[in-house]
Amino acid sequence: MRRTGTQGVPQRDGIDIERQRSEMIGTDFIRIELELAGTFCKLALNSHSAERKRQHEFNAHRALEGAMHTLTKVHLKDKEAETIVIQIEEVKALLEALRANGSAGPKC
């Protein structure tokens, strides 16, 4: 049964299609930010320049914060949540490795 919602957004069985799309985009954004954070951590770990290492670590923290902020705004399915939790743990482990290597970045 199809019907039109209050803003003209098609609905099916009470599920707002636009909301589903928004959730999917939010979930993709979280995954991408976590992947980016991991990449910045790896760049920092392999950097020979103290300034570049600091900048890469700063960018990793920003990407992680962006993912965590968006995480509070989307509803994840169990499988998605499990995958994202694993990614968060991996990023935090990389950030811890950076701290162990002498970086003075903020603690997550």
Side-chain angles (χ1 to χ4, degrees):
M1 172 182 216
R2 285 183 73 80
R3 57 187 171 158
T4 303
T6 57
Q7 296 178 350
V9 177
Q11 293 183 344
R12 184 177 150 181
D13 298 330
I15 299 172
D16 184 358
I17 302 300
E18 191 62 33
R19 180 163 173 89
Q20 282 182 330
R21 184 171 181 267
S22 178
E23 295 285 329
M24 203 167 60
I25 291 168
T27 302
D28 287 344
F29 177 80
I30 292 166
R31 276 196 215 104
I32 291 166
E33 286 294 283
L34 291 171
E35 185 176 322
L36 184 60
T39 299
F40 278 125
C41 285
K42 291 171 188 170
L43 287 170
L45 285 166
N46 293 314
S47 181
H48 299 294
S49 161
E51 177 58 26
R52 286 210 186 263
K53 182 176 182 174
R54 186 197 63 72
Q55 187 62 47
H56 290 316
E57 185 176 5
F58 175 78
N59 289 336
H61 280 283
R62 280 186 34 191
L64 179 59
E65 288 169 8
M68 298 299 275
H69 176 76
T70 304
L71 192 56
T72 65
K73 300 184 180 302
V74 297
H75 176 75
L76 300 173
K77 296 176 181 155
D78 289 341
K79 185 67 176 169
E80 293 170 333
E82 184 179 319
T83 302
I84 286 173
V85 166
I86 291 168
Q87 282 184 285
I88 291 169
E89 290 171 352
E90 289 171 354
V91 168
K92 287 188 173 187
L94 287 168
L95 288 169
E96 189 60 40
L98 278 169
R99 272 192 294 285
N101 281 345
S103 179
K107 189 171 185 174
C108 288

Can you tell me which residue among Arg54, Lys42, His61, Lys53 is in a side-chain contact (heavy atoms from CB on, under 4.5 Å) with Leu98?
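Among the candidates, only Lys53 passes.
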Stepwise, does the side-chain contact (heavy atoms from CB on, under 4.5 Å) test hold for Ile88 with Met68?
CA-CA 9 Å; Ile88 291 169; Met68 298 299 275; 3.7 Å; yes
[X] to [Y] - nearest heavy-atom pair and separation:
X	Y	value
Val91	Gly38	CG2-N, 3.9 Å
Cys41	Leu94	CB-CB, 3.6 Å
Gly66	Phe29	O-CE2, 3.8 Å
Ala67	Glu33	CB-CB, 3.8 Å
His56	Ser47	CD2-CB, 4.5 Å

Say you draw a straight line from [atom1] of [X] to [atom2] of [Y]; how long is it, rounded to the nearest 0.5 Å?
X	Y	atom1	atom2	answer
Leu34	Thr70	CG	OG1	9.5 Å
Ile84	Leu76	CD1	CG	4.5 Å
Arg62	His69	CZ	NE2	14.0 Å
Asn59	Thr39	CG	OG1	11.5 Å
Asn46	Arg52	CG	CZ	13.5 Å
Leu36	Leu64	CG	CG	11.0 Å

Give a yes or no on this: more than 12 heavy atoms of other residues, nucleotides or ligands lie within 6.0 Å of atom CD of Glu80.
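Enclosed.
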Using a strict cut-off of less than 4.0 Å between a Lys/Arg side-chain nitrogen and an Asp/Glu carboxylate oxygen, indicate whether Glu89 and Lys92 qualify as a salt bridge.
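A salt bridge is absent here (no side-chain N lies under 4.0 Å from a carboxylate O).
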Any Lys/Arg nitrogen of Glu96 or Arg99 sitting under 4.0 Å from an Asp/Glu carboxylate oxygen of the other?
yes
So, the side chain of Thr27 versus the backbone of Glu23: is there a donor-acceptor pair under 3.5 Å, distance only?
yes
Keeping the roles fixed (side chain from Ser22, backbone from Glu18), state whether a donor-acceptor pair exists under 3.5 Å.
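Looks like no, no N/O pair under 3.5 Å.
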Heavy-atom side-chain contact between Ile17 and Gln20 under 4.5 Å:
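Counting from C-beta outward, Ile17 and Gln20 do come under 4.5 Å.
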